[in-house]
Amino acid sequence: DWNSTELTNNAFIGWSRGAYWFLTLEDFQARSPYAFVFRQFFEPFSETNSTTDNYGTNELGLFVQDKWQATPNLTLHFGLRYEAQFNGDPKNPIANPDGSIGSVRQAPSNDLRPIPQNIKSDTNNLGPRFGLSWDPKGDGKTVIRGGAGIYYGRTATIFMPTGGAGYRDSTGFFFPPPAGLTFPETPQSVIPVTPGLVSSVSFVSEDFQNLRVLNTNIGIEREVVPNLSVGADFIYSRTENARIGGFNTTFDQNTFPPNGTDQYGRPTGIDVFTRGPPSNTVFQADMLSSLGRARYKALTLKLKKGFSDRAQFLAHYTWSKDESNADAERDIGFTMGPSNSFDLESDFGIDERDITHRVVFQGTAELGKGFTLSGLGTFRSGLPIPAQESADVDGDGSLAIDDRPVDANGNIVPRFFGRQPAFYNVAMRLMWTRNLGAAGEIDLLFEIFNVLNNDNFRTTNFIFASPIYGLCGTDPN
């Protein structure tokens, strides 16, 4: 298959009118912000002419598969897929306003190199797959299924500097707001270009690769009585080349490494505003990298009743553990870059997708006289709560507020250390059906969602220093 994607009239000009950040309601009432963010444009660019047009990516996929019936009770499946993603180059330079190209490091290397002006394509993705289905006794009552395969994930263009970076505009983050600037004032939005003016940029690592996942699974299912079976499945996934940096997080490649720790053991001494950066040819340099990794394992126990005696149901329980040091997806509700850009492994642990326990039940029963009752119940552990420190402990000047806080006992808090309340939701449907023969059929439905009227939480305040830390917004559904 061939997929082609083109961006037309695409613009991201957030903060072009400026934004003040307040930690508390009292700070807002006192007009005392702790930060100011503002996007400024360099002549001749402005809000009205900073769109990106005709940027394209193309994807190629080739796949072959075969099935071999080795014995009457053993079936083997084989497959091989090739994938490639061809990325266009930025529509404008990744450069300073005067056109000069800076030099920064590219982790894990520390030597300074010119910032790449292209967005690397990924064309070496080969994914073999294998699966089996085996009835060990050949009696149709037991089946063992297993499989393994390598899979690749495309990189969305929103993480890429498709329009260039630094050349048209630059966003400044000030902690606290600049002297002389008071809420709600904003500086001039378009400024002239002067030689030597440096800006923040974003770029794609020369070693960037698309996400690669090794997925394995093994399971067994056994019919214990007619139409009733029990089963167990185990899944293990090993993810490499996961995203760190890009768009909504910061993986700055223009800082010195930490030169010390505070009393709790957190890295300090980057001090970008006093110690300065390694390179004066650019300001902040966020790199889209593939240096992250993730691990997932899950055990599922299930009970299934096929349709008989006018009823059927499926119930399963899953225990799982999801760990990574990669950046969260952009829609997860928060930004979280690495807490130490020189030690990515220090962030490895439970991530935002981890759900330790999950129980799901669904069933249908025919009640007679045309009535059918069905239901779905989901019960699971609460989603992990991230913890971020509003203070810039290590002095890297990062917007991502990525430093780890400490608890009351002085222990460094991991990226995700708590959970929201447990989630549970029950939905039911009662349907009445009347067959009208050649005229058709009438179905009347009565449905109830969230039968138990539970408050299921969607978002959590995750700034550790905030007085509303950990409080959730509710979803009435």
Can you check side chain to side chain donor-acceptor pair (under 3.5 Å) on Asn215 and Ser237, steps first, answer last? CA-CA 4 Å; Asn215 190 58; Ser237 292; 2.5 Å; yes
Begin from the C-alpha positions of Asp98 and Ser100 and carry the test side chain to side chain donor-acceptor pair (under 3.5 Å) through to its verdict. CA-CA 6 Å; Asp98 63 2; Ser100 61; 2.8 Å; yes
Assess the residue pair Asn450 and Val426 against the criterion (side chain to side chain contact (heavy atoms under 4.5 Å, CB included)); give the C-alpha distance rounded to whole Å, side-chain angles, the decisive distance to 0.1 Å, and a yes or no. CA-CA 5 Å; Asn450 196 14; Val426 176; over 6 Å; no
For side chain to side chain contact (heavy atoms under 4.5 Å, CB included), just list the numbers for Leu344 and Ile244, CA-CA rounded to whole Å, side-chain angles, deciding distance to a tenth of an Å, and then say yes or no. CA-CA 9 Å; Leu344 302 178; Ile244 292 182; 3.8 Å; yes
Could you go through Asn454 and Asn425, starting from their C-alpha distance and side-chain angles, then the distance that decides it, and tell me whether this counts as side chain to side chain contact (heavy atoms under 4.5 Å, CB included)? CA-CA 7 Å; Asn454 185 49; Asn425 185 33; over 6 Å; no
Give the intermediate values and the outcome of side chain to side chain contact (heavy atoms under 4.5 Å, CB included) for residues Tyr55 and Thr157. CA-CA 9 Å; Tyr55 179 86; Thr157 53; 4.1 Å; yes
Criterion side chain to side chain donor-acceptor pair (under 3.5 Å) on Ser4 and Asn58, from CA distance to verdict: CA-CA 4 Å; Ser4 183; Asn58 296 300; 2.8 Å; yes
Where do Asn254 and Asp252 land on the side chain to side chain donor-acceptor pair (under 3.5 Å) test, with the steps shown first? CA-CA 6 Å; Asn254 196 26; Asp252 191 2; 5.7 Å; no
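Looking at residues two or more places apart in sequence or on another chain, you find a side-chain contact (heavy atoms from CB on, under 4.5 Å) between Ser202 and Pro161, Ala165, Asp286. Residues satisfying the salt bridge (Lys or Arg N to Asp or Glu O under 4.0 Å) criterion with Asp354, sequence neighbours excluded, are Arg419. Annotation: salt bridge (Lys or Arg N to Asp or Glu O under 4.0 Å) contacts of Arg168 (sequence neighbours excluded): none. Residues that satisfy the ring pair (Phe, Tyr, Trp, His ring centres under 6.0 Å) test with Phe22, not counting sequence neighbours, are Phe28, Phe183. Here Phe36 pairs with Tyr20, Phe38 under the ring pair (Phe, Tyr, Trp, His ring centres under 6.0 Å) rule; sequence neighbours left out.
Remark: side-chain polar atoms of Ser279 are paired, donor with acceptor, to backbone N or O of Ser103 under 3.5 angstrom. Using a distance-only test at 3.5 Å, with no hydrogens or angles considered, a donor-acceptor pair links the side chain of Gln117 to the main chain of Ile115. Between the side chain of Asp407 and the backbone N or O of Gly410 there is at least one donor-acceptor pair closer than 3.5 Å. In this structure, Ser50 contributes its side chain and Ser46 its backbone to a donor-acceptor pair below 3.5 Å. Side chain of Tyr152 to backbone of Leu126: a donor-acceptor contact under 3.5 angstrom is found. Under the 3.5 Å distance criterion, the side-chain polar atoms of Ser324 are left unmatched by any main-chain donor or acceptor of Ala294.
The shortest side-chain heavy-atom distance between Glu389 and Asp392 does not fall under the 4.5 Å cut-off. Considering only heavy atoms from C-beta on, Arg380 stays 4.5 Å or farther from Val359 through its side chain. The shortest side-chain heavy-atom distance between Asp394 and Arg266 does not fall under the 4.5 Å cut-off. Side-chain contact between Pro128 and Leu80 is present, with at least one heavy-atom pair separated by less than 4.5 Å. At a threshold of 4.5 Å between non-hydrogen side-chain atoms, the residues Phe379 and Phe361 do not count as touching. A 4.5 Å side-chain heavy-atom check between Phe42 and Leu197 finds at least one atom pair inside the cut-off. Proximity of Arg129 to Gln65: side-chain heavy atoms (C-beta onward) are nowhere separated by under 4.5 Å. Using a 4.5 Å cut-off on side-chain heavy atoms (C-beta onward), Val272 and Phe256 make no contact.
A pairwise comparison of heavy atoms in Pro384 and Ile350 identifies CG-CG2, 4.2 Å as the closest pair. In plain terms, the two heavy atoms of Thr52 and Thr162 that are nearest each other are CG2-O, 4.1 Å. A pairwise comparison of heavy atoms in Ser339 and Ser346 identifies OG-OG, 4.1 Å as the closest pair. A pairwise comparison of heavy atoms in Ile94 and Pro90 identifies CD1-CG, 3.9 Å as the closest pair. Between Ala242 and Arg293, the shortest heavy-atom contact is CB-N, 3.9 Å. Closest approach of Asn49 and Pro44 over heavy atoms only: ND2-O, 3.1 Å.
For residues 32-55, the pairs satisfying salt bridge (Lys or Arg N to Asp or Glu O under 4.0 Å) are Arg17-Glu47, Arg39-Asp169, with sequence neighbours left out.
Rounded to the nearest 0.5 Å, atoms OG1 (Thr239) and OH (Tyr151) are 12.5 Å apart. How far CD1 of Ile119 is from CZ of Phe208: 10.0 Å, rounded to the nearest 0.5 Å. Remark: Phe423 CZ to Asp455 CG distance equals 11.5 Å, nearest 0.5 Å. Atom CG of Leu7 sits about 10.0 Å away from atom NZ of Lys91, to the nearest 0.5 Å. In this structure, Tyr264 OH and Ile412 CD1 are separated by 10.5 Å, a value rounded to the nearest 0.5 Å. Rounding to the nearest 0.5 Å places OG1 of Thr300 at 11.0 Å from CH2 of Trp319.
The existence of a salt bridge linking Lys302 and Asp233 is confirmed by a sub-4.0 Å separation between a basic side-chain nitrogen and an acidic carboxylate oxygen. In this structure, Glu352 does not pair ionically with Arg415, as no charged nitrogen and carboxylate oxygen lie closer than 4.0 Å. At a threshold of 4.0 Å, the pair Asp347-Arg404 counts as salt-bridged, since one of the basic side-chain nitrogens sits closer than that to a carboxylate oxygen. Contact check on Lys120 versus Glu206 returns no salt bridge, with no Lys/Arg side-chain nitrogen under 4.0 Å from an Asp/Glu carboxylate oxygen. Between Asp1 and Arg81 there is a salt bridge, since a side-chain N of the basic residue sits under 4.0 Å from a carboxylate O of the acidic one. A salt bridge does not link Glu323 with Arg295: every distance from a Lys NZ or Arg NE/NH1/NH2 to an Asp or Glu carboxylate oxygen is 4.0 Å or more.
Gln40 pairs in a side chain to side chain contact (heavy atoms under 4.5 Å, CB included) with only one of the listed residues (Pro187, Ser189, Ser199), which is Pro187. Just one of Arg243, Glu83, Gln85 meets the side chain to side chain donor-acceptor pair (under 3.5 Å) condition when paired with Asn210; it is Gln85.
Using a 30° and 60° split on the angle between ring planes, Phe273 and Phe283 fall in the tilted class, from 30° to 60°.
By the 6.0 Å contact criterion, CZ on Phe251 is enclosed, its count of non-hydrogen atoms from other residues, nucleotides or ligands being greater than 12.
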